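What follows is a set of notes on a single structure, which appears directly below.
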Amino acid sequence: MKFFIDTANLEQIKEAQSLGILDGVTTNPSLMAKEGITGKENILNHYKKICELVDGDVSAEVISTDFEGMVKEGEELAKLNPQIVIKLPMIADGIKACKYFSDKGIKTNVTLVFSAGQALLAAKAGATYVSPFLGRLDDISTDGLNLISEIRQIFDNYMFDTEILSASIRHTMHIIDCAKIGSDVVTSPLSAIKGLLNHPLTDIGLEKFLADYKKGN
Ligand code: G3P
């Protein structure tokens, strides 16, 4: 399973990268705004900085909601770095743009996916990644994990190449649950990734090993 970090915060990206387990980065306009990155030029420069920090795919989201606008924006984003993946909203024009970019060999990530039908359409349009939003479904008392399972089954039935990129991950257990289902990728906040490190028995065990070592030295 690939690990992406879901942030535009450069320090957090560096920290995840330093663990040696990071496969890519996802961003969105809200995450950019959270870091105070506004204005087209600043946003494009920020994507370049992110690409310099990591080796893998970096999702950059378009703002346009019409096909022509998405194509123009996406082409500009794709020119920044070969690592850039064009993130497109799950609307009719987003699906058309997804087909356009996949035909050109440019990677895409169809975002804001909340149903298996939407994921199926994105896969048909040749999406590299499809992003079901787990946490936001949980927020409205709907079973987000069930959606990941449904998409897994559909993609396996037809051997779609599209990878399931589980997004809107809120905590460490979401990562474990996605791994159990067979999500190809999870994109998580740094806190959820670091939560995987923790177990009290590891801490107790290490403390004892070190104490025993000191006794003999
Ligand atoms: O990248 C999109 C997604 O991960 C958003 O997460 O926590 O805002 O629902 P959240």
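All residue numbers in this chain count up from 1 along the given sequence. Fair warning: this is a prediction, and the values are worked out from it, not measured in the lab. Atoms within a ligand are numbered from 1 in the order they appear, just like the ligands themselves.
- Summarising the local packing, CG of Asp161 is surrounded by 12 or fewer heavy atoms from other residues, nucleotides or ligands at distances under 6.0 Å.
- Using bins of under 30°, 30° to 60° and over 60° for the plane-to-plane angle, the ring pair His171/His174 lands in the parallel bin.
- Listed by number with element, the atoms of ligand 1 under 4.0 Å from a non-hydrogen atom of Lys87 are 1 (O).
- Taking any N or O of Asn28, backbone or side chain, at least one lies under 3.5 Å from an N or O belonging to ligand 1.
- Among all non-hydrogen protein atoms, the one lying nearest atom 1 (O) of ligand 1 is Asp6 OD1, 2.9 Å.
- Taking any N or O of Thr26, backbone or side chain, none lies under 3.5 Å from an N or O belonging to ligand 1.
- Ligand 1 places these atoms under 4.0 Å from at least one heavy atom of Ala167: 4 (O).
- Closest to atom 6 (O) of ligand 1 among all protein heavy atoms lies Ser168 CA, 3.3 Å.
- The closest donor-acceptor contact from the side chain of Lys87 to the backbone of Thr27 lies under 3.5 Å.
- Checked by atom type, the side-chain pair Asn28/Glu61 shows no donor-acceptor distance below 3.5 Å.
- Remark: side-chain polar atoms of Ser188 are not paired, donor with acceptor, to backbone N or O of Ile193 under 3.5 angstrom.
- For a threshold of 3.5 Å applied to N or O pairs, the pair formed by Arg170 and ligand 1 contains at least one separation below that value.
- Put simply, the side chain of Gln83 gets close to the backbone of Gly56: a donor and an acceptor are under 3.5 Å apart.
- Pro132 approaches Val130 most closely through the heavy-atom pair CD-O, 3.1 Å.
- Glu61 does not count as a contact of ligand 1, since none of its heavy atoms falls under 4.0 Å from the ligand.
- Shortest contact from atom 8 (O) of ligand 1 to any protein heavy atom: Arg136 NH2, 2.8 Å.
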